[in-house]
Amino acid sequence: MYKIKKGDIVGRVSYGKDILFTVEKIVKRMDGTKVAILKGIIIRIEADADIEDLVPMHKHQVKTNMRSLEDKLENKVKKANNEDNKKTEKRKLFSREITSEYGTILHLDGDMRYAEKSLKYYRKLGLTAIVRNIPENKQEYVVMDLLNKYNPDILVITGHDGMIKNGTAYNDIYNYRNSKYFIRTVSQAKKWVNMTGKDLVIFAGACQSYYEALVAAGANFASSPARVLIDFMDPLVVAEKVATTENYKYITINDIADELRDGTKGINGIGARGKKLTKEES
């Protein structure tokens, strides 16, 4: 019988192996039984499961899921670039020289693989982005220094999250695995905003995060109103939309919802002004 270990890619038998997870670590309970701490490969969820409930996933299934993620990224890049090219062609009809400057993104991600893929995505879109792999429980301690160093227009605070007792205790911060850390990081970012006067747009949260508390702390967009799972790409989609929208336009969730895994069930917020600066010369 195969022995589950740290780093394995597994599925939970009791859930029909519906989500692929990486085993982050294995811990012993007081009674001697073992439980695995899991992180989703494609969705931003953290969970735990009895070792006996886990089975290693076949390499073919893993490759198929990872290929699906890569295809999704590439399709999104192509779509964004095609839309940008259409705008450029339209402007050329008026014989004007257009210079644009997109908003700068600072992205803190608790997952190393997600951080690497996020940076690749931003670069392919031609966006200026600083991406740092910072564990969720450390983000509040570094965000102020990073904001001072990079002076971004957009801040993404994300990683993994999840409800411990799913479907209950929605207003209990201790029923969320990492929401308290995201909330504290948002609060630190708002202190920076108050000190500098910067119009910083903040996205915060991951799967099943405590949405109401994140917005109350100062996030413009957050997850997850309906306590549903969110896609790896959802925070990136929000950041991209804000970075590439003209600064005289106000973005609401309705401008983004169709591009998100579960629309307004997964992400919502108070909205924000775009961060794209455009200069036209005759």
Side-chain angles (χ1 to χ4, degrees), residues 1-27 34-82 107-127 129 131-136 156 158-162 166 177-178 205-208 223-224 228-240 258-263 266-267:
M1 184 177 178
Y2 183 83
K3 185 178 180 181
I4 300 294
K5 62 184 184 300
K6 179 180 178 179
D8 283 347
I9 297 177
V10 299
R12 297 176 295 182
V13 176
S14 60
Y15 284 81
K17 297 178 282 188
D18 57 338
I19 299 173
L20 266 62
F21 291 95
T22 298
V23 177
E24 185 72 9
K25 60 183 176 180
I26 297 174
V27 296
K34 292 182 178 180
V35 60
I37 307 302
L38 310 171
K39 290 190 175 182
I41 287 183
I42 296 179
I43 57 176
R44 292 182 173 275
I45 188 170
E46 181 174 318
D48 60 60
D50 291 335
I51 290 291
E52 293 74 16
D53 190 38
L54 301 177
V55 292
M57 302 302 290
H58 193 277
K59 288 183 179 180
H60 175 71
Q61 290 173 294
V62 177
K63 285 182 178 180
T64 298
N65 274 265
M66 296 309 295
R67 191 181 303 118
S68 173
L69 176 58
E70 293 295 337
D71 288 345
K72 189 183 295 186
L73 285 167
E74 288 300 324
N75 289 335
K76 187 70 178 65
V77 169
K78 287 179 182 177
K79 181 181 177 182
N81 287 336
N82 285 338
H107 181 138
L108 309 185
D109 206 312
D111 187 291
M112 183 175 67
R113 290 179 298 271
Y114 286 179
E116 292 171 352
K117 290 184 181 299
S118 297
L119 181 58
K120 185 185 297 185
Y121 176 75
Y122 291 135
R123 283 179 173 172
K124 285 186 176 181
L125 288 176
L127 300 176
V131 182
R132 293 288 181 268
N133 170 219
I134 311 290
E136 293 85 351
V156 177
T158 189
H160 292 275
D161 206 355
N166 198 4
R177 297 180 185 278
N178 289 317
C207 284
Q208 298 182 329
S223 61
S224 163
V228 298
L229 306 180
I230 71 167
D231 193 84
F232 148 72
M233 285 190 61
D234 284 350
L236 282 65
V237 170
V238 175
E240 176 209 340
D258 289 345
E259 300 179 56
L260 303 172
R261 173 189 164 105
D262 282 303
I267 293 172

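FYI, side chains are in, hydrogens and waters are out, and symmetry mates aren't considered; it's all heavy atoms of this structure. Computed from a predicted model, the values in this text were never measured in an experiment.
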Is the shortest heavy-atom distance from the side chain of Y15 to the side chain of V13 under 4.5 Å?
no

K25: salt bridge (Lys or Arg N to Asp or Glu O under 4.0 Å) partners, not counting sequence neighbours
none

Is any side-chain heavy atom of Q208 closer than 4.5 Å to a side-chain heavy atom of V228?
no

Tell me, do I37 and V23 make a side-chain contact under 4.5 Å, heavy atoms counted?
no

Output every pair passing salt bridge (charged side-chain N to carboxylate O under 4.0 Å, His left out) with a member in residues 228-238, not counting sequence neighbours, ordered by first then second residue.
K72-D231

Between K59 and I9, is any pair of side-chain heavy atoms under 4.5 Å apart?
no

Side chain of R132, backbone of L108: donor and acceptor closer than 3.5 Å?
no

Is I230 close to P235 at the side-chain level, that is, under 4.5 Å between some pair of heavy atoms?
yes

Would you please test D111 and H160 for side chain to side chain contact (heavy atoms under 4.5 Å, CB included) and show each step?
CA-CA 7 Å; D111 187 291; H160 292 275; 2.8 Å; yes

Over 60° means perpendicular and under 30° means parallel, so classify the ring planes of F232 and Y114, tilted if in between.
tilted

Using modelled atom types only, decide if a donor and an acceptor are shared between the side chain of D8 and the backbone of K5 within a distance under 3.5 Å.
yes

Treating D161 as the side-chain partner and A206 as the backbone partner, does any N or O pair qualify as donor plus acceptor under 3.5 Å?
no

Could you walk me through whether F21 and I41 pass the side chain to side chain contact (heavy atoms under 4.5 Å, CB included) test, one step at a time?
CA-CA 5 Å; F21 291 95; I41 287 183; 5.9 Å; no

